[in-house]
Structure formats: C-alpha cells, structure tokens
Student: 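Dropping the structure in here first, questions after.
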Amino acid sequence: MSQQHLHNVIFGGFCVKLKDKVAVVTGAGRGIGRTIALQLAREGASLVCWDIEEESVVQTAREVEAMGSLGLSFRVDVAQFNQVSSAVEQILGRFSRIDILVNNAGITRDNLLARMSEEEWNQVLDVNLKGTFNCTKAVVKQMMKQRSGRIVNIASVVGLMGNAGQVNYCASKAGIIGFTKAVAKELASRAITVNAVAPGFIETEMTKGLGDRGRETFLKAIPLRRLGKPEDVALLVSFLVSEDAGYVTGQVINVDGGLLM
C-alpha cells in the first residue's frame, strides 16, 4: 500500500485524509458554509468556524466537536480587516499554522439596477469580494512561510452568466473569479493552490426566497432537473483542499446540475 493510500485510510467510519490540517471556513454558521465545515471535520481537519452571527457559528463548532474533531468559533465580520487579522493571529497563537481557507461568507441585497441603492451595492461588494480579499491576505503570509496551503473561494454561476436583479451579487462573484486566477498565479511557486467553486441553485436559506414560480423556472433550465444540495458543494471543496488536488489550481468548477454548459 502506498504512502498516499495510507494517508487516505478510513478509520472509524471517517476519512482522515485531512488529519492534522487546520481549516478556516467563513460564513460557517449555516447553509453551504456549515456543510463544508462539517465535511472537512469528517475528514479529520481541525475547524475554525467564522461567521458574523455568533449563535449560529457556535452551534456549528459544537457539531464539529460532537463528531470528534476540534471545533472553534469566532464572530468575525469579514468586511473588517482588523477583525479578520485579529482572528488569524489568535489561530496562529493556538496552532502555529493554517492549512486551509474556504472563503464562503456572502450576502445578497437583490434589486434592479435602476432601484439599487449605493448602500445595497457597497454591502454586497464589501462582504463578498472585499471579504475574500481580507481573509486571503490575512492567511497568505503564513501559508507562504509553510510553503503549503489550500484556498477555495466560493463564487457562483451568476458571476459567469449574470442574473437580472443581482448586479451587485454578480459583480462580486465575477470579481472573486478574477481574484482567484490572479492569486493562483502569485502563489503557485509556494505550492499553494487557489481555486473557485461556482455553485448553481443550491437548497439553502438564500434560495428559499425564490418562491414556487421562481423555483420552477430554474428547474426547467437545469438539465438534472433538481436544485443542488449543500453536500454537492462540500464534497468538491473537500477534494480541492486535499492532497489529491495538488495539481489543480486557478480553476473555476461549476456545481450547477448542468445549468451553465
């Protein structure tokens, strides 16, 4: 059996291929972020869960602990670099390393362009795009020092295809895609991979607001004829942060049931 196969051994019903890895997941209090955190914990990582909603992120950390992994929670507004930097300092004080960063935190403030306020534009860009910048900048020096790291940015298919009523959200996600490619080129020489995952319509609190009519419209456009589940995204993220994906960087991978082909 090869060393890689030993690394990926299944123990006690859980795959421990991320054993001894320290992972930071933003927006981990609910939805896709929570599911990603639990999936990485299931694979042996120690989880540091960030969210602006303290109660929900504490609950995620408790679920991680219940699975037998180490789970910590931080209330962090990713749009505020000082908060991000302080949290990273505390993590390094505890672990002396950060192996994985999943930039998942995001919000929507939907409106037609003609009606969109400057505040609605700024809020979405600050959290989704600036937040991705803040978190990546805060961890990258440590990853460069380690000469290893995995960064996954959660984008969206609407960042590639557009969507009426979401010019702020689409712009933020398109920005994340460009950011991903640029940072991947900057960090490749240090053995740090940077990739983006672009979910389609996933069953979360965010998509419940579509209503029955909106849901049916999107289902007709999806070849697989169903909305995705958070687990569909989490399983791809778990691959991208593993050693198995060491030769994958600068990529944007859609998880959309064939919506955007």
Side-chain angles (χ1 to χ4, degrees), residues 13-18 21-79 83-84 87-88 90-91 98-108 124 127-128 131-132 134-136 139 150-157 169 172-173 176 195-210 226-242 253 255-257:
F14 295 100
C15 181
V16 292
K17 64 182 179 180
L18 298 180
K21 302 295 185 183
V22 177
V24 176
V25 179
T26 72
R30 62 177 64 190
I32 292 173
R34 171 184 169 275
T35 305
I36 290 171
L38 295 179
Q39 181 62 35
L40 300 189
R42 192 172 290 115
E43 296 180 1
S46 296
L47 262 295
V48 183
C49 305
W50 289 5
D51 204 292
I52 198 169
E53 296 182 4
E54 187 170 12
E55 185 176 345
S56 61
V57 77
V58 166
Q59 179 58 34
T60 300
R62 287 174 179 163
E63 292 181 62
V64 167
E65 292 274 348
M67 295 169 61
S69 292
L70 178 61
L72 301 177
S73 63
F74 286 79
R75 185 194 180 280
V76 179
D77 179 354
V78 297
Q83 290 187 32
V84 171
V88 167
Q90 291 179 66
I91 295 165
I98 294 175
D99 302 287
I100 297 164
L101 170 65
V102 181
N103 284 308
N104 167 77
I107 63 171
T108 58
V124 171
V127 173
N128 298 7
T132 298
N134 285 344
C135 296
T136 305
V139 307
R150 296 281 187 268
I151 299 171
V152 177
N153 300 320
I154 305 301
S156 171
V157 291
Y169 187 76
S172 71
K173 295 301 185 177
I176 287 172
N195 292 287
V197 172
F201 293 96
I202 309 297
E203 292 181 350
T204 65
E205 291 293 327
M206 194 177 288
T207 56
K208 282 182 179 178
L210 291 172
R226 69 172 178 87
L227 298 186
K229 298 182 182 299
E231 290 78 8
D232 295 321
V233 180
L235 288 168
L236 175 57
V237 171
S238 71
F239 165 71
L240 290 173
V241 303
S242 74
I253 305 175
V255 184
D256 65 358

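We're numbering straight along the sequence, starting at 1.
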Student: Could you give the distance from NZ (Lys173) to OG1 (Thr132), rounded to the nearest 0.5 Å?
Tutor: 6.5 Å

Student: Taking all non-hydrogen atoms of both residues into account, name the closest pair between Asp232 and Arg226 and its distance.
Tutor: OD2-NH1, 3.4 Å

Student: A side-chain contact here means heavy atoms from C-beta on lying under 4.5 Å apart; do Val24 and Cys135 qualify?
Tutor: no

Student: Any side-chain heavy atom of Val78 sitting closer than 4.5 Å to one from Asn134?
Tutor: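 No, too far: nothing below the 4.5 Å cut-off.
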
Student: Return the SG to CG distance between Cys49 and Leu38, rounded to the nearest 0.5 Å.
Tutor: 7.5 Å

Student: Using modelled atom types and a 3.5 Å cut-off, is there a donor and acceptor pairing between side-chain atoms of Glu43 and backbone atoms of Leu18?
Tutor: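 No, the answer is negative, given that no donor and acceptor are paired below the 3.5 Å cut-off.
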
Student: I need the minimum non-hydrogen distance between Ala41 and Val64, along with the two atoms involved.
Tutor: CB-CG1, 3.8 Å

Student: Please test Glu65 against Leu70 for side-chain contact (heavy atoms from CB on, under 4.5 Å), starting from the C-alpha separation and ending with a verdict.
Tutor: CA-CA 6 Å; Glu65 292 274 348; Leu70 178 61; 3.5 Å; yes

Student: Using the rule side chain to side chain contact (heavy atoms under 4.5 Å, CB included), only one of Ile154, Thr136, Asn128 pairs with Asn103; which is it?
Tutor: Thr136

Student: If you measure from CD1 on Ile36 to CG on Leu236, what distance do you get to the nearest 0.5 Å?
Tutor: 9.0 Å

Student: Ignoring hydrogens, what is the shortest heavy-atom contact between Val25 and Ala37? Give both atom names and the distance.
Tutor: CG2-CA, 4.3 Å

Student: To the nearest 0.5 angstrom, please state how far the CD atom of Glu53 sits from the OG1 atom of Thr60.
Tutor: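 Rounded to the nearest 0.5 Å, the CD-OG1 separation comes out at 10.5 Å.
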
Student: Between atom CD1 of Ile202 and atom CG of Asp256, what is the distance when rounded to the nearest 0.5 Å?
Tutor: 8.5 Å

Student: Is there a side-chain contact (heavy atoms from CB on, under 4.5 Å) between Val139 and Ile91? Walk through the geometry before answering.
Tutor: CA-CA 10 Å; Val139 307; Ile91 295 165; over 6 Å; no

Student: Is any side-chain heavy atom of Val233 closer than 4.5 Å to one of Val197?
Tutor: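 Heavy-atom side-chain distance check passes, below 4.5 Å.
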
Student: Apply side-chain contact (heavy atoms from CB on, under 4.5 Å) to Val124 and Ile107, showing your working.
Tutor: CA-CA 6 Å; Val124 171; Ile107 63 171; 4.2 Å; yes

Student: Okay, side chain of Arg34, backbone of Ala28: is any donor-acceptor separation there less than 3.5 Å?
Tutor: no

Student: Can you find a heavy atom in the side chain of Gln39 that is under 4.5 Å from one in the side chain of Glu231?
Tutor: no

Student: Just by distance, no angles: are the side chains of Glu55 and Gln59 close enough, under 3.5 Å, to form a donor-acceptor pair?
Tutor: no

Student: Nearest heavy-atom pair of Asp99 and Lys21: which atoms, and what distance?
Tutor: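 That closest heavy-atom pairing would be OD2-CA, 3.4 Å.
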
Student: Evaluate Asp51 against Arg75 for side-chain contact (heavy atoms from CB on, under 4.5 Å), listing each step before the verdict.
Tutor: CA-CA 5 Å; Asp51 204 292; Arg75 185 194 180 280; over 6 Å; no

Student: Around atom CD of Glu54, are there more than 12 heavy atoms of other residues, nucleotides or ligands at under 6.0 Å?
Tutor: no

Student: What distance do Ser73 atom OG and Leu47 atom CG have between them, rounded to the nearest 0.5 Å?
Tutor: 11.5 Å

Student: Taking all non-hydrogen atoms of both residues into account, name the closest pair between Asn104 and Thr26 and its distance.
Tutor: N-OG1, 2.8 Å

Student: On a heavy-atom basis, which atom in Glu203 and which in Leu227 lie closest, and how many Å separate them?
Tutor: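 Heavy atoms only, the tightest pair is CG-CB, 3.6 Å.
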
